[in-house]
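By convention here, the first residue in the shown sequence is residue 1. In this text, all values refer to a predicted model and were calculated from it rather than measured experimentally.
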Amino acid sequence: MRSDEQLQVMRAACASTDSFVNAARLGAATGLDPKKCGLVPTFMFKTGLLEPAGGHFSRFQPTKKARAIAAAWEKGEEEGLHALRSAWKGQWFARAMRERLGYGPVPRDGLVARLLMNANAERHRMRQAELLLDLLVAIGMVVSDGDGFMSWHEGPCYGPAEQPGEGREAQLSLEPDPEIGLSKRSPAVLTGDERPHPALQTAAHTPSSGEGAEAANASIPRPRRRVADDARTESDADPYADLDLLALLCPPVLLADLVRLSRDELLQLHEHLRGIAVLTAKLRGRPVS
């Protein structure tokens, strides 16, 4: 179901004055296929907008929070979306996006990968993560920059590098929200998606007397955009510096991708993957078969 259709169902559910709502009634209220409406009430229930209405497990009724959103929606579309963003700002997916986008724009694939990681989901759930991201874009929580990058709707959450005495606080801001809990995060190895920005590492050390003014004016640079090959110069030492590693590694590699490699490249790929598996298993304390 498209994100705009999901919003139709959500709006109807929030505004319902019936004794209960279910997929059939929501389908009748929106003109959509009831079979497609079935998962939306479950999602709304898990995010605090619906509560059980008694009787059959598929029957729900709006919560006070949902009725407040419906009242805001009556005033206007933007008011309703703002109320929905406020209601979901404490949900795990909102915290994950705010944390990932805290220092500036990120490629879409990187956000999908972060949703999968925070949900402890396997790669075959990537389509669901993409649909969730589409919904967050539809309500205005995540904003597309129009060039493949996306931003948090309130802009970067973390400002310029802190003063030397506050360097530790700048590093702690990269850590996950305590409410998420370690049990909900995958014990993954640091990747390009998790590595602190070099500017933050610089802010953590104590500068000498000559560095004080420089540190005070330091700022977090925006992520690099991919540049065309003809725009590169010989001074570009690392041609892979602008790539988001998690976005590259998360999508599955298909057979159609492998046939483009030579025999030697396939053997090299096997050796590299085997090495990654061994090192990752060692870090996680698991034996490699």
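- A donor-acceptor pair is defined here as one N or O able to donate and one able to accept, closer than 3.5 Å; such a pair exists between the side chain of Q6 and the backbone of M1.
- Considering only heavy atoms from C-beta on, M117 comes within 4.5 Å of R114 through its side chain.
- With hydrogens and angles disregarded, a donor-acceptor distance shorter than 3.5 Å links the side chain of E265 to the backbone of S262.
- Residues M44 and C14 form a side-chain contact, since some pair of their non-hydrogen atoms from C-beta on lies under 4.5 Å apart.
- Residues L101 and P156 are not in side-chain contact: their nearest non-hydrogen atoms beyond the backbone lie 4.5 Å or more apart.
- Under the rule for a side-chain contact (heavy atoms from CB on, under 4.5 Å), the partners of Q128 that lie at least two apart in sequence or sit in another chain are R125.
- For E78, the salt bridge (charged side-chain N to carboxylate O under 4.0 Å, His left out) test picks out R85, with sequence neighbours left out.
- Residues satisfying the salt bridge (charged side-chain N to carboxylate O under 4.0 Å, His left out) criterion with D18, sequence neighbours excluded, are R25.
- Under the side chain to side chain donor-acceptor pair (under 3.5 Å) criterion, E79 pairs with no residue at all, not counting sequence neighbours.
- Looking only at side-chain heavy atoms (C-beta outward), V9 and K36 stay at 4.5 Å or farther from each other.
- The closest donor-acceptor contact from the side chain of S16 to the backbone of A12 lies at 3.5 Å or more, if one exists at all.
- Linking ILVMFWY residues whenever their side-chain heavy atoms come closer than 4.5 Å, directly or via other members, places M97 and W92 in the same cluster.
- Here R98 pairs with nothing under the side chain to side chain donor-acceptor pair (under 3.5 Å) rule; sequence neighbours left out.
- When all heavy atoms are compared, the tightest approach of P34 to A24 is CB-CA, 4.1 Å.
- Closest approach of S58 to N22, counting heavy atoms only: O-CB, 3.5 Å.
- In this structure E154 satisfies the salt bridge (charged side-chain N to carboxylate O under 4.0 Å, His left out) test with no other residue, sequence neighbours excluded.
- A salt bridge is absent between E51 and K65: the closest approach of a Lys/Arg side-chain nitrogen to an acidic carboxylate oxygen does not fall below 4.0 angstrom.
- In this structure, R108 does not pair ionically with D145, as no charged nitrogen and carboxylate oxygen lie closer than 4.0 Å.
- Within 6.0 Å of NE2 on H153 lie more than 12 heavy atoms contributed by other residues, nucleotides or ligands.
- A heavy-atom distance below 4.5 Å is not found between the side chains of Q61 and L50.
- For the pair L7/L81, a side-chain contact is recorded, criterion being any heavy-atom separation below 4.5 Å from C-beta on.
- Heavy-atom minimum distance, G80 versus I69: O-CG2, 4.1 Å.
- L273 and L266 fall within a single hydrophobic cluster, where Ile, Leu, Val, Met, Phe, Trp and Tyr side chains are chained together by heavy-atom contacts under 4.5 Å.
- Put simply, the side chain of L111 reaches to within 4.5 Å of the side chain of R100, judged on heavy atoms.
- Taking R127 as the reference, E130, L131 meet the side-chain contact (heavy atoms from CB on, under 4.5 Å) condition, with sequence neighbours excluded.
- Residues in residues 48-68 take part in these ring pair (Phe, Tyr, Trp, His ring centres under 6.0 Å) pairs, two or more places apart or across chains: F45-F60.
- Hydrophobic clustering keeps V143 apart from V137 (ILVMFWY residues linked when any side-chain heavy atoms are closer than 4.5 Å, directly or through intermediates).
- By the salt bridge (charged side-chain N to carboxylate O under 4.0 Å, His left out) test, R2 is found to be paired with D4, E5, residues two or more places apart in sequence or in another chain being considered.
- Partners of Q8 by side chain to side chain donor-acceptor pair (under 3.5 Å), not counting sequence neighbours: none found.
- The two residues A53 and S19 have their closest heavy-atom pair at CB-O, 3.9 Å.
- Shown here are the side-chain contact (heavy atoms from CB on, under 4.5 Å) partners of A94, two or more places apart in sequence or in another chain: M141.
- With sequence neighbours excluded, the residues forming a side-chain contact (heavy atoms from CB on, under 4.5 Å) with T47 are F43, L49, W88, Q91, F93, listed by chain and number.
- Closest non-hydrogen pair, G38 versus P41, comes out as O-CD, 3.3 Å.
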